[in-house]
Structure formats: C-alpha cells, structure tokens
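To keep things clear, I will list the structure first and then write my remarks on it.
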Amino acid sequence: MNEPAATAATDVRPNLDATNRLHVGHDHDLLLLHEMLRIRRFEEKCAELYSAGKIRGFLHLYIGEEAVAVGAMQALGRDDAVVATYREHGHALARGIPADRLMAEMYGKHEGCSRGRGGSMHVFDAHTRFYGGNAIVGGGLPIAVGLALADKMQQKPRVTACFFGDGAVAEGEFHESLNLAALWKLPVLFLCENNLYAMGTRLERAQSQTDLAAKARSYLMPAEPVDGMDVLAVEAAARRAAAAVRRGEGPAFLEFRTYRFRAHSMFDAELYRDKSEVEVWKQRDPIATFISHLKEREETADAILGALNGSVADEIDVAVQFAEAGTWEPVDDLLKDVYSPRPGSDGAA
Amino acid sequence: MAKMATTTYREALRTALKEALVKDPRVFLMGEDVGQYGGSYAVSKGLLAEFGPERIRDTPLSESTFVGAGIGAALGGMRPIVELMTVNFSLLALDQIVNNAATIRHMSGGQFNIPLVIRMATGAGRQLAAQHAHSLEGWYAHIPGIRIVAPATLEDARGMLWTALEDPDPVLIFEHQTLYNMEGPLADDAGPVDIDHAAIRRSGKDLSLITYGGTLGKTLQAAETLAREGIDAEVIDLRSLRPLDMPAILESVKKTHRVVIVDEGWKSGSLSAEIIARIVESAFYDLDAPMARICSAEVPIPYPKHLEDAALPQPAAIVAAAREVVGRRG
Ligand SMILES: Cc1ncc(C[n+]2csc(CCOP(=O)(O)OP(=O)(O)O)c2C)c(N)n1
Ligand SMILES: [Mg+2]
C-alpha cells in the first residue's frame, strides 16, 4: 500500500548520479559550502558573544547539523513556508534572513528580525515566510499542518517545510499532525533532524521504535532516512520529496541522521555522552567532508575556499557591527503589538 | 539550637527529594531529563546514581502522558513525584491535570484519591522570552481538586515536598526560576513544614504587602526601603495559593487597613484579583484606602533585559504603590 518515497519521486531525478547525489554544477557546490560556512561562523561568533554577555537567555547551537538546513532549503521556492524550532539560526540564514537582522535579534535589538522581542529561540520573518522559532517541542508541527491546509484550500501550489528534532517524535502533536496531514493530503514536508539526543535523552531511551521513518510510514506517507551529514544527499532527498508534495500527493517525511557537536544549550554539562562519541561524529563534519570532496575535484579549491572564508568573515563582522549599533526598543512600546492595531489604537494591550 | 549550614534553594529541594526517596519506597521521580542529564535546573543531579533508574525515571518528551501516568501510578498505590521542566510546558499536560487529577476524587464519589506531587519551574527574570517565562500558577489556583504551593524560602524548599507527598490529593509545587541559586543558612535538622498557612515574613503596622514565590524577595526589599521612609510594612508570604489562607490575610488587613498585592501573574483574571475580591467580601469596612496591585505587564514576556525588567513587578513599583496607598506622595 504505502510506498517509500523513492517511488513517489522517480520522475524528478535527472541530476542524480549513481551514488544518488545531486550534481548541478560546481557553482552550486560552492553555494552549498558557502551557506554551511555562514552558519558555522555565525554560530561560533554567537557562542563568543554569549560568553561576553551580549547574547542572553537560552542559546542552542546547530553546529554539526548545517548540511540539513542548507540541503533541505534548496528544495524550497520563495513562496514556500518554513516552520522551525528553537535551534533555528541555521534555518534562518539558509532561508535568506539577512545575517545582520538575525544577529540583531540575538542581541534583542529593535532592528532584529523579530524586533528583538524573541531572541535566539523565536526568529520570525514574514518576508521569507519563516514562521518561527518555536520553543515548545512539537509545537510547530500542527502550525505547519495549518499553513498547508490554508494553501490547499486556496489552491496555492506551495509547500510548508517543518523542521523538528527526534525528541518531538515522542510528543502527541507529532502523531496527531502526521495523521491529519496524511488524512487530508496536505502539502507538508516533515523534516526530522535526528541528532540522536533530546537534551540528555538518547533516542533509544525515548523510543520503542527508533526507526523514525517507519512511524511516518505507518500514517501512509512516503518516508526515508537520509545521511544528514552529506549536504548533497540531503538536497537530493529534499528535492524529490518536495516535488512529490508539490504535485499534490500529500505530505512526505524525511529523517536526517545528524549530530550536534556542541552542548544542548549553554547550560548543559553534557553528562550523558562521551567525548569520544562526539569526536567520532566530528570525523564526519559536514563542512570538512564537503571541502575534501571539493578538493578532490578542483585544483583551485584552496583559493576558492580562502575567498569564501573571507567573505563569510566579513559578513559576520558586519552583522555584529549592525547588532552593536542597533537600538533598544523604547520601554514605552512594551505593550505594543499584543493585539493588532485598529482604528484609534496601536495594538497596545 | 540546631546548627545552621549554608545551602541553596536547589540543594534544599534535592535534600527533600532524597529524604522522600529514602523514607518511602513508593516514592519515585519521573520527568524529562531528571536522570542522566541531571535535571534541567539540576535539582535532581546525582539522584540517578544514588537511587537507580527504577526510581529516577527519564521520560520521553510527552508531558500529557507522563503526567497522566503519574495520576495512574498514584491511583495504583505509588507516590509519584512528577517533574515538569517549566509551567509553559505543563500546558501540554493541562488536560491530565485539570480533567483527571483534579476531578477523579469528586467524580468517583470519593472512592479514588490521587496522592500525586507535580513540581515545576515558573516565572521570568532570566531572559528566556515568551515560551519559557510565564507565571501561570494563578490559573492552576483556579481549579478545585488540586492544591497549589509556592516555596519562596529555603525552609519551604526543604520542607514542602514531604508534606505534599503525605497529602492524599494532588499537590502542585511551583519553584520560581530565579530562586534556584538563592543561598542562605538552613538548620541542619530542617524538615517537613505545613503547607496550609501563610507566613508573616516581616511584621509591620502601616500596610500589608501580600505576595508569594519569586516576588517575596523584591517585596521584602521594598519593605526595607519603605521602613527608611517611616512606613512600616507587613509582608505576607502566601505559601499556599490554593487554598488561600484567608484568616491570615484578613487578620493582617484588620491590623494595617491597607493592602498592596504583588503577583508576577498578569492582573486580568488573576490570583491577585481573587484576593482583592475576598478582602472586599470579608473586610471592606476595615479598609482605609483602595487596595493596589503590582503585577506583570499584560504582555507575553519579552527577551531583551530592559523590556523583561519593565514587564515584571519591581521593588520601585511596589514602593510607589505602597506610598500611594498610605497616602504619601514622593
Ligand atoms: C513541550 C516541551 N517540553 C520540554 C521542553 C524542554 N526542551 C527543550 S529542547 C528539548 C529537547 C528536544 O530535543 P529534539 O526534539 O531532539 O531537538 P534538538 O534539541 O536535539 O534539536 C527539551 C526537552 C520544551 N522546550 N518543550
Ligand atoms: Mg535531538
């Protein structure tokens, strides 16, 4: 009855080579590398700024998982929507939210993409249809289902991409959302970032069935596991799945197998995993492996890499300057935007 | 006199958990990351090594189900302590708490009772923004069938848990996020405390400042400022939010005739509103001035520090309200 994703997507594989990788040319490879580097350097800077007290609250870094957001985002067009979690800086950058506005948000400055009110965990951007930045585990899935429902009811051929972690799979909302999306054949691309841990709880300590794609298949939607450390594999799978969703075949599910290199948040003492496990996964660093793959093919890779690194460093510097120069929202505006403005009021509570 | 030792609110909570686990084999702790991770606020750190995974149980992320399982285990003869990471996440278990934990005793004609304790962090002050920082204990205090307590001192952090476990009905314990690191002296032989009564944390004659939990410290600070101006404030720590210790509140009102309530919840439909209503119902003619409230601004808690500070009750605002109520300006 329910076929795996590959069947649903046979007609959209022109660019796939024998290893199931996508090759759309050298420039595209560099674009992917550039995007991953932007995220890595942005977040390394955030960690520094956290220590300096410029960024406060909870900060969840995506370092190690960059290939997932960057690869998956290639499958989306401008009109599509993204729903993400509190570990969403990578998704925000890869989706096209400017680094300077994102950094200003990290600071809580008025120039930030959520006007500074959300911070690291609550990035929103109407321009790129980025619907948060949700810090309730599993809370984004029903919202993605609703966005897709609206598209379907309005006959808009758009896709809603919903990112969430392995931890969310244990929540009731995960199951309720997959069921409803499949039942109503809604255009949702469920993108599970399985980094093996939900805070300190390893997957097999939370799940009786650790094959997460199997859970999605039980709701009769195409689902497949994907190497989340390989940006080309991520992109290829995401393009296939998104194309099927866009054709109106209902939702699809991808499980990206990945790993977070850093602590869960800045308060995590990492009592639950061995350093050696982290080191093993670092051997598969999505950026380092992609660079060696490029170097095999490209003699001038070093020069290109130098240029990319330079441009990323400049972009991050500028972003930090922008955030530093940003302003604090006046306290008088505290109550603004609790409600929508209406005649004679500015939306203050 | 007992010897005093320096401890923290977090350690006091942990000592209470240990005591309960040692004293009663039916007691177990369950929740997200209470074991291997060491507790999201490190309250249960070390307990897994000491008591093992049968009694310190890490759950999957499934608030509704593990709270419901706590209700079931309590019905089945155990004495579960369920930890929810924060009050915001407790909303995923609201159905189990409100529709089951609170109702089953009454609905079953008294045949079944639920000796369940649920602990959770509440409140703002650490720039965690609008999904990690609300004070919804007042909502829970709306619900008949459950008891709500809020330890604001080291003694209460140490002593409320055991009493709550001995209670035959569900008790929710709200631990304000900003208190975990609070440090101070605690008697070596500190132990269980009553959870029925409010406590006078500072006695005074000019007005009653009524508060609980995370705002007790700010209120005491305000009282010191007022004292330097010659205004002698009494500070009442509610301790129990449901039931409210109305006799203690009314006694204070009869003495001071003036009231300011400090509550980190929002004003609209709040615990502070309830207290005002009850004072009006029972002691209207004892009042010499309109009562006042200092609550959080009616806005989801924002991330930046200056806005978070502006949204929360602060000592300066408490002082200003107190001056107004006693009829002194500036
Ligand atoms: C409903 C809810 N419960 C608990 C939490 C606390 N919490 C924040 S992140 C997290 C782990 C989530 O793990 P996963 O979904 O795998 O995402 P990851 O952090 O690995 O990216 C937990 C338990 C929360 N934010 N929301
Ligand atoms: Mg995870």
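FYI, side chains are in, hydrogens and waters are out, and symmetry mates aren't considered; it's all heavy atoms of this structure. Residue numbers begin at 1 in each chain, while the letters A, B, ... track the order of the sequences.
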task = Identify which of A/Glu173, A/Arg273, A/Arg56 forms the greatest number of heavy-atom pairs closer than 4.5 Å to chain B.
result = A/Arg56
query = Which one of A/Ala206, A/Ala135, A/Gly139 has the most heavy-atom pairs closer than 4.5 Å to chain B?
reply = A/Ala135
query = What residue in A/Glu171, A/Arg202, A/Gln207 has the most heavy-atom pairs under 4.5 Å with chain B?
reply = A/Glu171
note = Closest non-hydrogen atoms of B/Thr215 and B/Thr219, given as atom of the first, atom of the second and distance, are O-OG1, 2.6 Å
key: Of A/Leu61, A/Ile63, A/Leu93, the residue whose pairing with A/Phe42 passes side chain to side chain contact (heavy atoms under 4.5 Å, CB included)   = A/Leu93
query = Do B/Asn181 and B/Thr8 have side-chain heavy atoms sitting under 4.5 Å apart?
reply = no
Side chain, backbone, both or neither of A/Met199 within contact of chain B (heavy atoms, under 4.5 Å) = both
inquiry  = Counting only heavy atoms from other residues, nucleotides and ligands, does the tally under 6.0 Å from NE2 of A/His110 exceed 12?
reply    = yes
query = Using non-hydrogen atoms only, which part of A/Glu270 is less than 4.5 Å away from chain B: side chain, backbone, both, or neither?
reply = neither
request  = Write down the atom of A/Cys192, the atom of A/Val169, and the distance for their closest heavy-atom approach.
outcome  = SG-CG2, 4.0 Å
query = Pick from B/Pro60, B/Ala130, B/Ala42: which one has the most heavy-atom pairs with chain A under 4.5 Å?
reply = B/Pro60
Contacting region of A/Ile55 [heavy-atom separation from chain B under 4.5 Å] = both
remark   = So, the part of A/Tyr86 with a heavy atom under 4.5 Å from chain B: the answer is neither
request  = With the side chain counted from C-beta on, respond yes when B/Ile118 and B/Val67 share a heavy-atom pair under 4.5 Å apart, and no when they do not.
outcome  = yes
query = Does the separation of the ring centres of B/Phe174 and B/Tyr140 fall below 6.0 angstrom?
reply = yes
request  = Against chain A, label B/Glu308 side chain, backbone, both or neither, depending on which of its atoms sit under 4.5 Å from a heavy atom there.
outcome  = neither
Greatest number of heavy atom pairs closer than 4.5 Å to chain A - which of B/Gly35, B/Gly38, B/Ser62, B/Ser40 = B/Ser62
key: Residue B/Leu91 versus chain A: region with a heavy atom under 4.5 Å   = neither
task = Test A/Arg260 against A/Glu193 for salt bridge (Lys or Arg N to Asp or Glu O under 4.0 Å), laying out the working first.
result = CA-CA 10 Å; A/Arg260 98 177 123 66; A/Glu193 304 182 309; over 6 Å; no
query = Quick one: is the NZ or CZ of B/Arg126 closer than 6.0 Å to the six-membered ring centre of A/Phe267, and within 45° of its axis?
reply = yes
remark   = From the list A/Tyr107, A/Tyr272, A/Phe58, the residue making the most non-hydrogen contacts under 4.5 Å with chain B is A/Phe58
task = Quick one: which of A/Pro330, A/Gly167, A/Ala269 has the most heavy-atom pairs under 4.5 Å with chain B, could you say?
result = A/Gly167
